[in-house]
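Indexing begins at 1, ligand by ligand and atom by atom, following the structure's order. All values derive from a computational prediction rather than experimental measurement. Quick note: numbers below take in every heavy atom, side chains included, and nothing from hydrogens, waters or symmetry partners.
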Amino acid sequence: HSVGIIGAPFCKGQPRAGVQLGPDVIRKAGLVNKLENQGCMVKDYGNLVFEKVSNDEPISGTKQPRAVGLANKQVADAVQRIKHDGYTCVMLGGDHSLAIGSIHGHAACRPELSVVWVDAHADINTPLSSPTGNIHGQPMSYLIPEDVVYIGLRDVDPGEHYILKYLGIKIFSMTDVDRLGIAKVMEQTCDHIFSKIKKPVHLSYDIDALDPLVTPATGTPVIGGLSYREGIYITEHVCQTGLLSALDVVEVNPNLAKSEEEVNRTANVAVDLVLGCFGRMREGSHPDDYKIP
Ligand SMILES: N[C@@H](CC/C=C/[B-](O)(O)O)C(=O)O
Ligand SMILES: [Mn+2]
Ligand SMILES: [Mn+2]
Ligand SMILES: [Mn+2]
């Protein structure tokens, strides 16, 4: 696996400061070394720099529209570049509004991509249906949900639920995870997105899809989330399709942890999710040329 990492230290898609520290907190938990230690070739493109935007007044209730727009232009350009350089792209957030740019930039290179959205939330509010005006709850509404599957939903607004049903979007809520088990959810997710042809997968992973006991340092925690094992299983299954083309890991906010331990716990889980996407197997592994010493 060859992995291109881009950090997007951005927080304007939501009101809680701290999520802009996500990229470096995840790196500090050893992301690059751990990927290299499992045989990945890694290029870290560093962090994007987001200029301050003044007078960024709300537009029909939507907050920080100009900052979010500009940031996503930069993210789209970076992701497109990383894809053209031949890597599987890993975008470290930052809040989930960054998926606008990440998916847009990825689609510029791979227009036939499909999206797997792992999240407690649907993030598909329109500016008018949004109860908060925060754009991290809206990214999917700016993208044509061609082929998208949701996993982990448990906090969906009425407007979002209407849109999901109206568009017939495939969803696996936490009820479905309980009813089917994560293995069946992943089997049916792959059946759905690969029903016609094999497509590159864009996995957009909001860390709040996992239970707050597993990943407490996040801005919109919702109880009854995915276990660590379910969260990892999703990454292992996507990895074995061989079709993962871009990954977002978003919404790690160290400022919302109650302790240093909660920051580390959240960051370590974020790293393990990435490792699962790039071949880490819980059963263990050994190099082809391994010899008992
Ligand atoms: N549905 C709420 C919550 C949004 C949550 C966004 B998140 O999934 O990126 O955490 C809203 O629209 O404000
Ligand atoms: Mn989200
Ligand atoms: Mn969420
Ligand atoms: Mn969130």
Side-chain angles (χ1 to χ4, degrees), residues 8-20 22-23 26 58-65 67-68 71-72 75 91-103 115-143 145 148-165 169 171-174 177 202-226 230-231 234 246-257 266 269-270 273:
F10 186 73
C11 64
K12 300 290 184 197
Q14 53 83 61
R16 298 164 200 85
V19 70
Q20 75 282 359
I26 293 171
I59 300 174
S60 67
T62 301
K63 297 165 183 166
Q64 311 281 352
V68 172
N72 278 295
V75 169
M91 190 276 286
L92 304 177
D95 69 66
H96 220 163
S97 66
L98 294 164
I100 297 169
S102 178
I103 294 173
V115 177
V116 176
W117 195 279
V118 184
D119 201 327
H121 313 92
D123 295 0
I124 200 165
N125 273 304
T126 67
L128 298 179
S129 75
S130 170
T132 61
N134 299 329
I135 300 183
H136 78 152
Q138 305 177 30
M140 277 306 289
S141 76
Y142 298 122
L143 302 156
V148 60
V149 177
Y150 281 97
I151 302 173
L153 298 186
R154 56 188 185 277
D155 182 8
V156 178
D157 299 325
E160 294 184 299
H161 189 260
Y162 174 82
I163 291 166
L164 291 172
K165 291 298 164 198
I169 292 175
I171 71 171
F172 292 99
S173 69
M174 286 310 296
V177 172
H202 186 113
L203 177 59
S204 200
Y205 217 122
D206 187 327
I207 208 76
D208 69 30
L210 295 156
D211 193 276
L213 296 174
V214 179
T215 51
T218 192
T220 45
V222 185
I223 62 169
L226 296 167
E230 289 166 334
I234 291 170
L247 168 68
D248 307 324
V249 180
V250 296
E251 299 279 0
V252 169
N253 185 337
N255 290 8
L256 300 177
T266 307
V269 170
L273 293 172

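Residue His96 approaches the Mn ion (ligand 2) most closely through its N/O/S atom ND1. Shortest distance from the Mn ion (ligand 3) to Asp119 is reached at OD1 (N/O/S atoms only). For Asp123, the N/O/S atom at the shortest distance from the Mn ion (ligand 2) is named OD2. Residue-level check: among N/O/S atoms of His121, ND1 sits closest to the Mn ion (ligand 3). Closest approach between the Mn ion (ligand 2) and any N/O/S atom of Asp206 involves OD2.
Nearest-residue assignment for atom 1 (N) of ligand 1 (options Leu153, Ile124, Asn253, Asp157; heavy-atom criterion): Asp157. Residue Asp123 holds the heavy atom nearest to atom 6 (C) of ligand 1 of all those in Asp123, Val156, Val250.
Inclusion of Thr220 in the set of residues having an N or O under 3.5 Å from an N or O of ligand 1 is warranted. The distance criterion of under 3.5 Å between nitrogen or oxygen atoms is met by His121 with respect to ligand 1. By the 3.5 Å distance cut-off applied to N or O atoms, Asp119 is counted among the residues near ligand 1.
For Ile59, the side chain to side chain contact (heavy atoms under 4.5 Å, CB included) test picks out Pro65, Arg66, with sequence neighbours left out.
The closest donor-acceptor contact from the side chain of Arg16 to the backbone of Gly219 lies under 3.5 Å. The backbone N or O of Gly225 lies less than 3.5 Å from a partner atom in the side chain of Asp211, making a donor-acceptor pair. Asp95 contributes no side-chain N or O that, together with a main-chain N or O of Glu251, makes up a donor-acceptor pair within less than 3.5 Å. Side-chain N or O atoms of Gln20 include one that pairs as donor or acceptor with a backbone N or O of Gly18 at under 3.5 Å. Although no hydrogens or angles enter the test, the distance criterion places no donor-acceptor pair under 3.5 Å between the side chain of Ser97 and the main chain of Val68. Asn134 places no side-chain N or O within 3.5 Å of a backbone atom of Lys63 that could act as its donor or acceptor partner. A distance-only check finds no donor-acceptor pair linking the side chain of Ser173 to the backbone of Leu153 [under 3.5 Å].
Leu92 and Pro23 get closest at one heavy-atom pair: O-CG, 3.4 Å.
Residue Asp208 touches ligand 1 through its side chain alone, judged by heavy-atom distances below 4.0 Å. Proximity of Glu251 to ligand 1, defined as any heavy-atom pair under 4.0 Å, is confined to the side chain (atoms from C-beta onward).
When each atom of ligand 1 is checked for a heavy atom of His96 under 4.0 Å away, the hits are 9 (O). Atoms of ligand 1 lying under 4.0 Å from any heavy atom of Asp206, numbered from 1 in the order shown and given with element: 7 (B), 8 (O), 9 (O), 10 (O).
His121 and Asp157 share no side-chain donor-acceptor pair at under 3.5 Å.
At least one N/O/S atom of Asp208, whether from backbone or side chain, sits less than 2.8 Å from the Mn ion (ligand 3).
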